[in-house]
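Below is one structure, written out as structure tokens; the observations come after it.
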Amino acid sequence: MLADHLAYKAEPDEIYVYSLDGQEYVAVFGPYQGLPRIPTGPPVYIFDRNDRLTDWSPDIGDDERFGSRRLNAAYNGCRITREELVKWPGATR
């Protein structure tokens, strides 16, 4: 799934590897989406080590469901490049 995401979505703006509740995740932050509405935050897609999309939000600024706990963990994680991301399980086909 991560390989498909990278192939079909816009180039990520930021990528973080982080741990939460004993599990490791990668958070892929996309570019801000444009019209028809003005976003308050970027989209984010969360993948686990088993290549599962475990959570996502089209606009983290407006998504109370997504939660600050996960975002704080992601932003306090290790920022990586797209080149480093290819080492993550499922990032390549």
Side-chain angles (χ1 to χ4, degrees):
M1 282 187 78
L2 180 55
D4 292 334
H5 175 85
L6 295 172
Y8 297 110
K9 293 287 185 181
E11 184 71 21
D13 283 347
E14 297 178 301
I15 306 164
Y16 292 88
V17 173
Y18 70 96
S19 295
L20 185 65
D21 298 330
Q23 300 293 320
E24 195 170 37
Y25 300 93
V26 64
V28 180
F29 291 85
Y32 281 77
Q33 304 297 309
L35 298 174
R37 64 185 195 83
I38 306 299
T40 58
V44 64
Y45 304 87
I46 308 294
F47 294 90
D48 68 10
R49 278 264 176 207
N50 295 314
D51 193 32
R52 289 185 305 227
L53 178 68
T54 60
D55 206 354
W56 73 282
S57 175
D59 181 345
I60 60 172
D62 280 340
D63 193 348
E64 293 177 14
R65 176 205 58 83
F66 193 75
S68 62
R69 183 170 177 253
R70 184 178 290 276
L71 282 178
N72 287 338
Y75 281 125
N76 287 312
C78 179
R79 187 171 180 176
I80 63 171
T81 65
R82 186 178 175 120
E83 291 75 28
E84 293 169 313
L85 180 61
V86 299
K87 298 173 188 169
W88 188 266
T92 58
R93 293 180 190 179

Close side-chain approach of Pro89 to Leu2, heavy-atom, < 4.5 Å:
no
Enter the distance from His5:NE2 to Phe47:CZ here, rounded to the nearest 0.5 Å.
5.0 Å
Test of understanding: with salt bridge (charged side-chain N to carboxylate O under 4.0 Å, His left out), list the residues that count as partners of Glu84, not counting sequence neighbours.
none
Mutual orientation of the aromatic rings belonging to Phe29 and Tyr75 [parallel < 30°, tilted 30-60°, perpendicular > 60°]
parallel
Scanning both residues in full, the closest heavy-atom pair of Ala27 with Ile46 reads CB-CD1, 3.5 Å
Nearest atoms (heavy-atom pairs only) where Ala73 meets Leu20
CB-CD1, 4.1 Å
Between Arg79 and Glu14, is there a side-chain heavy-atom distance shorter than 4.5 Å?
yes
Measure the spacing between CH2 of Trp88 and CD1 of Ile80 and express it to the nearest 0.5 Å.
7.5 Å
Any side-chain donor near an acceptor of the partner, Gln23 and Tyr25, under 3.5 Å
no
Find out if a path of hydrophobic residues (ILVMFWY) with successive side-chain heavy-atom gaps under 4.5 Å connects Val26 to Tyr45.
yes
Closest heavy-atom contact between Asp63 and Pro58?
OD2-CD, 4.5 Å
Under the side chain to side chain contact (heavy atoms under 4.5 Å, CB included) rule, what do Leu85 and Leu6 come out as? Steps first, then yes or no, please.
CA-CA 10 Å; Leu85 180 61; Leu6 295 172; 3.7 Å; yes
Would a single hydrophobic cluster contain both Leu53 and Leu71, if residues Ile, Leu, Val, Met, Phe, Trp and Tyr are joined by side-chain heavy-atom contacts under 4.5 Å?
no
So, for Tyr18 and Gly77, which heavy atoms are closest and what is the spacing to 0.1 Å?
CB-CA, 4.0 Å
Are Arg70 and Ile60 packed together at the side-chain level, in the sense that at least one heavy-atom pair is separated by less than 4.5 angstrom?
no
Salt bridge (charged side-chain N to carboxylate O under 4.0 Å, His left out) against Asp13, all qualifying residues, sequence neighbours excluded:
none
Between Thr54 and Asp48: side-chain donor-acceptor atoms closer than 3.5 Å
no
State, to 0.1 Å, how close Ala10 and Pro31 come at their nearest heavy-atom pair, and which atoms those are.
CB-CG, 3.6 Å
Return the minimal non-hydrogen interatomic distance between Ile15 and Pro12, and the atom names on each side.
CG1-CB, 3.9 Å
Who are the salt bridge (charged side-chain N to carboxylate O under 4.0 Å, His left out) partners of Glu11, not counting sequence neighbours?
Arg82
